[in-house]
Novice: 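Next up is a structure, given as structure tokens.
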Amino acid sequence: MRHIGRIYKSIFKWVPGSALFAVCRRLYDAFVPAMVTLVSVRLFDSAASVLSGEKEVASLYVYAGLYLLIYLINDLLGFASSIIIQCWVYEKCTALFRMEVYEKFAKLPLIALESADTLNRKERVDNAVNDEELSSTFQRTQAIVQNAVAVVSVAVVLARYSVWLLPLSLLSVLPYLFARIVRGKEFFYVKKTQAKKTRLQSYLWGLFTTRQTAKEMRVMGFDGYITDKWRDTRDEVNEELWKVQKKDAVSLLWCDGIRIAGYCVSVAVVLWLVIRGDVTLGVFGGAITAFLSLQGSMRNFLSDLGRIAEHLAHAADYYSFLDMPEESDGAVQYPGLHGAIVLENIAFKYPNSDNYALQSLNLTIRKGEKIAILGENGSGKTTLTKVLLGLYPPSGGRVLYDGTAVGDYEKDSFYSRVSAIAQDFVSYSLTLRENVAISDLSRLWEDGDVKASLAEAGFDGSVGLDEAMGREFGGREFSGGQWQKLAIARGLFKDSELIVLDEPTSTLDPLIETEILSRFVQAAQGKTALVISHRVGLCKLVDRIVVMKDGTIVETGSHAELLSSGGEYARLFNEQAKWYNGAALNLG
Amino acid sequence: MIDTAAGIIKDGGGWNGLALWVGLLLCAMLFSSAGGGFLNGILYIAIRRRLNIGMTPDIVGKFKRLDYACFEDKDVQDTLERMSRDPQDKVFQLFLTILGVMECMIGVAGGALIYAQAGWWFVAGFAALLVPMIWLDFKAADMMNTMFNEQSADERKMRYLGGLLSHKSSLFELRIFRAGEYVAKKWRALAHTVMDTRVKTTLHAQKYFLISTILFKCWSFFIVISLIASVVSGDITIGLFTALIASTGAVLGNADMLSHTVQNLRRRYLLMEHYHKFMSLPEIRHGGESLTGEPPHIVFENVTFAYPKTDVNVLKGVSFEVRRGKRVALVGENGAGKTTVIKLLCGLYKPDGGHILINGKDIQALDAAALRRVFSVVFQDFCKYELTLRENVAFGDLSKLHDDGALQDALEMGLARGIAELDTPLGKLEENGVDVSGGQWQRIAVARACLPGSAFVILDEPTASLDPVAESSMYHSFAKVLKNRGCIMVSHRLASARMADKIVVLSGGIVSETGGHDELMSSGGLYARMYESQSAWYAKGGAGA
């Protein structure tokens, strides 16, 4: 329930004028049936008395005019409100709700994105926003109130004429209530259990409509399998839904039948009253439409009441995401590194995982050191960098920069001195300039600097800085290796004192790989640098090599030292080297 | 009924007539409302079912036959996106809307006919107003539709930017570079533009709608006045008067409804255009010839190629040859066109100039199935299917989907044994899905290519995500697996080039060198330089910084 309060608060804050207008419109709409009943009774009575010569024609015209006026105002309001509500309450507010979600993402701790729970919430919140569930909640709650007011007001008006008019028309609508509750629950339950299948369905549809998979499908020929699977899943989902809908239709039939019977009996009762002389003919005239509108409003009221549960569930999804705990910021300004970074007995476990990705890890990195981190897949190298950069809080141990825990530093000041390129770096479908300078936007327009970084990464300057990248938006497409070079330019562009690169050359050709690694080491002079790489060749360029295995550090030292000690490093090195030294080439 | 009642009041008696009318009323309402509603529900379900069965194969079939180039074409992207999950639903909605229009028109006509009892010119005026109203509604709907079409590119961009703000990998960078606000600002600016245009266009379009509404209001005002005059002058009975006034509201409501429905109809109809556009997208054209199952002889003859809608030729006359059962290493600098050569060989694109011959037959004359039987591929950006391990491997050859033995053998060859049980779901789609690392995915992709036992294997950077030890084992595995098969391997790891029978070097859009390792080393060209650059890392003496 409190979600409704929050939704109203947000909508009134963002589009106060439109929200107010929507509410006023509802109020007017709510009283229209009652007003129409009142006026039409007078109208018919006037007509009758005019006919029998008792009254002036003028009053007839007055009532007719009033009757029309009510409808006219209603229509104008309706016209205006449909535009206003569609544009502001729905579209604008949906965009703002979406922005709220994005802003929340910026404040979540990065580790939260590794948990399946967060991803689930993310998906549900996406659904809620895409289907405009929050604005619909706003509208529907008002519709409920509107219908309730309409029912009550018409009932009051009718009761004034005769108490008998009420019970029948109201009672005949009660079956809807029961039908709604029972069917509503079943519908909701079915939808929930189908969530998994619908996700599979969307995934499969995505497979044969996106480029990457379309490629493999054509070449390997398994598209039939996927389309069959998609169709089967979809048919399953649809069949279940239709079964529920059929049951709905049957129950609606019964409800309708009872309702109509109720209506006709009501009409008969009024006729009887008219004949007895308890009410005038005018009342009869007003009553026939009043009954219908009464039944209609009641039915809508019950129907909306049933549907509101669904909307509230989505609202709950939305707010459960918005209420997730945020990352806390440190208070100490980061003055830059003067001494060393110390990782003290670090242990780290991913959420929902039993295995420790890092354990008993101890490492000291002195300012200005160039370090290469090596190890097999799964040894924890990437996790180490994320912990080191303060993005993932360790499960045990501390990460200290000059003796202060990294989490105690104010994030802005800390990150302004750090640059990093991940293994799954981003290829931005923006301009070339933005792809480079996104690491330090204050220098976005320093053409000289941007070009220099591009040159350092091996670009020849043939592509214009403001050229759009990314084929989905009609821009230029780079090869995998070119994107990687661009990412390196991005990392170097930022004037940082600490730089971390994770597998920076995996897709680069040998010439450029050598060139870039050498250039990098040169550009990183004076910086503290960490490079994760499989390529043992890099290790000769750095001050120290750190070898990881199974989440902990097994060796550190220089290339020569480690090679001669014959441990893990030597093993990795020789595995690669042997292919170049001719020994292992008798392979038939 | 009212007249009879009035009569009864005045004269008394005559209950039978009243009962008759009441009974008729009851039946009419029961039938129309309840029965109709029920039938509607059931009928709609039946129709939907039929549509599902009928239309889906068309759409799905079209997707399968689409020319690959369409997936990379941004204009086509918009059309593809409109083919939402249930495209046949749009047809159904269109059908419903047509029915809705008919229903409204009947309702309106019915109402109008009743008015005829009061005077024929009521009906005439009504009909005269209908025509301009419908025309105006069409215009309104057209305006809105044009706007939606034009905005779809902007909306796609917004979705893209939103994706940057909500995905793990981009959030990592945006956080470290503190660039989140920059992207958010871009999104907001786009949202503003879209919103502004939408409001403006809606107002314009609704203007038309407003005019037609006003016309009707005037007409109804006129009617009511005349009715009053008629009742006063005794031309019509009180019963008719009551009925007509009461139904004015209904007729006006119906007319409104008609207007809305007509707008809807127009909009849905225009949506169908997307469906037509989609169905007329270019398709892959294949020939009908087939190949035998033995290792093919591949010839590239002066092939030139530029990606569609670009003007730079990526390949400027590439010629090389792969003899039966031979292994070729394709090397070159980044962006030289190696992956492009692979794509052309797989038949994804057609060369602009020159020929690609397989066993002497032009690739364009070949059957799609023939190509598949002969080649198996691991792409550089191979796919990671969030389905079961079994499916991931069996996609290479679905006939072996349930052949556990063959699947395990393939996994062995790809060094992917032991990652999980065959029927374990991989990835995050299912709750009990197993997370798989990049290197493991690569091995599964290799296993997929090894499954069908095809005569020719194409590998594009098959060891990029592997650590040195795994890479080494993979080369050993390749040596075994590729015995007696032809192969093209694209790789930067030049150690793998030494394993090949021939090395083809791509540079500047043409083949700049070919030959064996020793031959190329002694000629001192690009290959020699690349090789030395890499092997220097491993020289025992230690290459300097």
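Here the structure is a predicted model, which means the values were calculated and not measured. What you see below is based on every heavy atom in this structure, not just the backbone, and it leaves out hydrogens, waters and symmetry mates. Order of the sequence lines sets the chain letters (A, B, ...), proteins ahead of strands, with each chain counted from 1.
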Novice: Taking 4.0 angstrom as the limit, do B:Glu461 and B:Lys338 come out as a salt bridge?
Specialist: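 Between B:Lys338 and B:Glu461 there is no salt bridge, as every charged N stays at least 4.0 Å from the carboxylate O atoms.
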
Novice: Considering only heavy atoms, which portion of B:Lys186 lies under 4.5 Å from any heavy atom of chain A: side chain, backbone, both, or neither?
Specialist: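 Contact with chain A involves the side chain of B:Lys186 alone.
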
Novice: Look at A:Leu572, A:Asp440, A:Ile438 and state which one has the largest set of heavy-atom pairs under 4.5 Å with chain B.
Specialist: A:Ile438

Novice: Roughly how far, to the nearest 0.5 Å, is the NE2 atom of A:His559 from the NZ atom of A:Lys540?
Specialist: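 If we round to the nearest 0.5 Å, A:Lys540:NZ and A:His559:NE2 are 4.5 Å apart.
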
Novice: Tell me every residue that passes ring-ring contact (aromatic ring centres under 6.0 Å, His included) with A:Phe105, counting only those two or more places apart in sequence or in another chain.
Specialist: A:Phe321

Novice: Tell me, side chain or backbone of A:Ala422 under 4.5 Å from chain B's heavy atoms, or both, or neither?
Specialist: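 Backbone plus side chain of A:Ala422, per the 4.5 Å heavy-atom cut-off to chain B.
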
Novice: Among B:Lys343, B:Arg175, B:Lys64, single out the residue with the greatest number of heavy-atom pairs under 4.5 Å to chain A.
Specialist: B:Arg175

Novice: Nearest 0.5 Å, please: how far is CG in A:Asp424 from CD in A:Glu503?
Specialist: 11.5 Å

Novice: Answer whether the closest heavy-atom distance between the side chains of A:Phe473 and B:Arg156 falls below 4.5 Å.
Specialist: yes

Novice: Quick check for you: among A:Ser40, A:Ala560, A:Ser416, A:Cys539, which has the greatest number of heavy-atom pairs under 4.5 Å with chain B?
Specialist: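 Of the options given, most contacts go to A:Ser416.
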
Novice: Is it true that A:Tyr67 and A:Phe44 have ring centroids separated by less than 6.0 Å?
Specialist: no

Novice: Any idea which of B:Glu386, B:Glu471, B:Gln380 has the most non-hydrogen atom pairs under 4.5 angstrom with chain A?
Specialist: B:Glu386

Novice: Angle between ring planes, B:Phe478 versus B:Tyr475, binned at 30° and 60°: parallel, tilted or perpendicular?
Specialist: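 Tilted.
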
Novice: Which answer fits B:Leu210, side chain, backbone, both or neither, if we ask what part of it has an atom under 4.5 Å from a heavy atom of chain A?
Specialist: both

Novice: Under 4.5 Å from any heavy atom of chain B, what part of A:Glu239 do you find: side chain, backbone, both or neither?
Specialist: side chain

Novice: Check each atom of A:Phe425 against the heavy atoms of chain B and say whether the ones under 4.5 Å are side chain, backbone, both or neither.
Specialist: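 Interface part for A:Phe425: both.
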
Novice: What part of A:Lys494 gets closer than 4.5 Å to chain B, counting heavy atoms only: side chain, backbone, both or neither?
Specialist: side chain

Novice: Heavy-atom pairs under 4.5 Å with chain A are the metric here; pick the option from B:Asp381, B:Thr339, B:Thr202 that has the most.
Specialist: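 When all of B:Asp381, B:Thr339, B:Thr202 are compared, B:Asp381 has the most.
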
Novice: Any salt bridge between A:Arg571 and A:Glu376, counting N to O under 4.0 Å?
Specialist: yes

Novice: With chain A as the partner, which of B:Ala369, B:Ala470, B:Gly162, B:Ser496 has the greatest number of non-hydrogen pairs under 4.5 Å?
Specialist: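 Among the listed options, the one with the most contacts to chain A is B:Gly162.
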
Novice: Please identify each residue that fulfils side-chain contact (heavy atoms from CB on, under 4.5 Å) with B:Ser376, with sequence neighbours left out.
Specialist: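 B:Ser376: side-chain contact (heavy atoms from CB on, under 4.5 Å) contacts with B:Ala449, B:Pro452, B:Ser454, B:Val457.
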
Novice: Within this structure, what is the CD-NZ distance for the pair A:Glu575 and A:Lys578, rounded to the nearest 0.5 Å?
Specialist: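 Between atom CD of A:Glu575 and atom NZ of A:Lys578 there are 4.0 Å.
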
Novice: Of the backbone (N, CA, C, O) and the side chain (C-beta and beyond), which part of A:Lys215 lies under 4.5 Å from a heavy atom of chain B, both, or neither?
Specialist: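 Contact with chain B is through both the backbone and side chain of A:Lys215.
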
Novice: Tell me, side chain or backbone of B:Leu401 under 4.5 Å from chain A's heavy atoms, or both, or neither?
Specialist: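 It is the side chain, since no backbone atom gets that close.
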
Novice: Side chain, backbone, both or neither: which part of A:Ile226 has an atom under 4.5 Å from a heavy atom of chain B?
Specialist: side chain

Novice: Using non-hydrogen atoms only, which part of A:Ser379 is less than 4.5 Å away from chain B: side chain, backbone, both, or neither?
Specialist: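 No part of A:Ser379 comes within 4.5 Å of chain B.
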
Novice: Would you mind telling me which of B:Arg493, B:Glu532, B:Arg448, B:Met195 has the largest number of heavy-atom pairs within less than 4.5 Å of chain A?
Specialist: B:Arg493

Novice: Using non-hydrogen atoms and a 4.5 Å limit, figure out which bit of A:Leu441 sits close to chain B: side chain, backbone, both or neither.
Specialist: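 Just its side chain gets close to chain B.
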
Novice: A:Glu103 versus chain B, heavy atoms under 4.5 Å apart: side chain, backbone, both or neither?
Specialist: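 Just its side chain gets close to chain B.
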
Novice: Examine whether an atom of A:Phe79 lies under 4.5 Å from a heavy atom of chain B, and if so say whether it belongs to the side chain, the backbone or both; otherwise answer neither.
Specialist: side chain

Novice: Please find out if less than 6.0 Å separates the ring center of B:Phe63 from that of A:Trp205.
Specialist: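 Here the rings of A:Trp205 and B:Phe63 have centres that are less than 6.0 Å from each other.
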
Novice: If you tally heavy-atom pairs under 4.5 Å against chain B, which of A:Arg98, A:Met99, A:Lys386 wins?
Specialist: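 Of the candidates given, the most pairs with chain B belong to A:Met99.
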
Novice: Using a cut-off of under 4.5 Å on heavy-atom pairs, state which of A:Ile421, A:Thr213, A:Leu96 scores highest against chain B.
Specialist: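 Ranked by heavy-atom pairs under 4.5 Å with chain B, first place is A:Thr213.
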
Novice: Set out, in order, the CA-CA distance, both residues' side-chain angles and the distance that settles side chain to side chain donor-acceptor pair (under 3.5 Å) for B:Glu173 and B:Ser170, then state yes or no.
Specialist: CA-CA 5 Å; B:Glu173 286 195 13; B:Ser170 44; over 6 Å; no

Novice: Do B:Trp187 and B:Tyr182 come close enough that some side-chain heavy atom pair is under 4.5 Å?
Specialist: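 B:Trp187 does not reach B:Tyr182 side chain to side chain.
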
Novice: Would a 4.5 Å heavy-atom cut-off, applied to side chains only, mark A:Glu513 and B:Gln534 as touching?
Specialist: yes

Novice: Could you have a look at A:Trp88, A:Tyr428, A:Tyr225 and say which one has the most heavy-atom pairs with chain B under 4.5 angstrom?
Specialist: A:Tyr225

Novice: Among B:Val183, B:Leu371, B:Leu348, which residue has the highest count of heavy-atom pairs closer than 4.5 Å to chain A?
Specialist: B:Leu348

Novice: Checking heavy atoms, do the side chain of A:Asp412, its backbone, both or neither come under 4.5 Å from chain B?
Specialist: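 For A:Asp412, backbone and side chain are both near chain B.
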
Novice: Report which part of A:Glu434 has an atom under 4.5 Å of a heavy atom belonging to chain B: side chain, backbone, both, or neither.
Specialist: side chain

Novice: Would B:Glu333 and A:Lys485 pass as an ion pair if we require N to O under 4.0 Å?
Specialist: no

